Amino acid sequence: MEKRIIAVGCDHGGLEHKEAIKAHLIQRGFEVKDFGVHENTPVDYPAVAAPLAKAVAARECALGILVCGTGIGMSLAANKVGGVRAAACSEHFSAKYTRLHNDANILCLGGRVIGVGTALELCDLFVDTPFEGGRHQRRVDMITALERE
Ligand code: RB5
């Protein structure tokens with residue numbers, strides 16, 4: 001089976017989580033593309049979200065995971081890129097169902113909201129859960145159509 005590349009990125013509010021997620025995914029056998037950052041110096045989260053979101057939209061990476069303080073800023077920025085469906089999640093049900101029903105391709109996490117252990121579990125759910133398709137494809141297509149308005 002083709003190796004799925006997972007993109008990871010963070011701002012200074014999510015560095016510890018991003019490093020743990022990267023190590024965890026590599027240990028699980030995924031190829032990981034790291035869009036930074038690599039130190040705690042304050043950085044503007046859209047500057048990290050944009051290149052990662054473009055790589056996911058271009059299918060260079062199968063899925064992406066972005067971490068900032070809340071997960072919200074990263075999701076707002078990533079969702080400006082056509083073809084991206086970024087979901088900010090802080091619990092298991094949403095992380096699973098945003099794959100099943102929304103075909104979300106980027107998971108956004110809050111490094112100041114959830115602990116590293118929960119973050120790893122949400123990442124596992126996100127990367128392991130397939131899109132259900134069916135009636136949900138029509139709804140996802142309606143979201144995509146909004147990009148052309
Ligand atoms: C940075 O202080 C913080 O605003 C950022 O990490 C994120 O939470 C924005 O949504």
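In listed order, ligands and their atoms are each counted from 1. Quick note: numbers below take in every heavy atom, side chains included, and nothing from hydrogens, waters or symmetry partners. Since the model is a prediction, treat every value here as computed from it, not as a measurement.
- Distance from atom 5 (C) of ligand 1 to its nearest protein heavy atom, with residue and atom name: D11 OD2, 3.2 Å.
- Residue-to-ligand polar distances keep Y45 apart from ligand 1: every N/O pair is separated by 3.5 Å or more.
- Taking 4.0 Å as the cut-off, M74 does not count as a neighbour of ligand 1 on heavy-atom distance.
- For ligand 1, the atoms sitting less than 4.0 Å from at least one non-hydrogen atom of C68 are 6 (O), 7 (C), 8 (O), 9 (C), 10 (O), numbered in the order shown with element in parentheses.
- You'll find the side chain of M74 reaches within 4.5 Å of the side chain of V48, heavy atoms only.
- In E16, the CD atom is not crowded: 12 or fewer heavy atoms of neighbouring residues, nucleotides or ligands sit closer than 6.0 Å.
- Screening residues 122-135 for side-chain hydrogen bond (donor to acceptor under 3.5 Å, both in side chains) gives H24-D124, R28-D124, R28-D128, E132-H136 as the qualifying pairs, with residues at least two apart or on separate chains.
- Checking T98, D103, N79 one by one against R85, the side-chain hydrogen bond (donor to acceptor under 3.5 Å, both in side chains) holds for a single residue, D103.
- For ligand 1, one of its N or O atoms has an N or O atom of G73 under 3.5 Å away.
- The side-chain contact (heavy atoms from CB on, under 4.5 Å) test with L63 singles out one residue from V127, V8, V56, and that residue is V127.
- The contact set between ligand 1 and R112, taken as ligand atoms under 4.0 Å from a residue heavy atom, comprises 1 (C), 2 (O), 3 (C).
- Between L120 and I21 there is a side-chain heavy-atom pair separated by less than 4.5 Å.
- Within ligand 1, the atoms closer than 4.0 Å to a non-hydrogen atom of H12 are 1 (C), 2 (O), numbered from 1 in the order shown.
- Heavy atoms from both the backbone and the side chain of T70 come within less than 4.0 Å of ligand 1.
- Formation of a donor-acceptor pair under 3.5 Å by the K18 side chain with backbone atoms of V37 is found in this model.
- Of the N or O atoms in G69, one or more lie within a sub-3.5 Å distance of an N or O in ligand 1.
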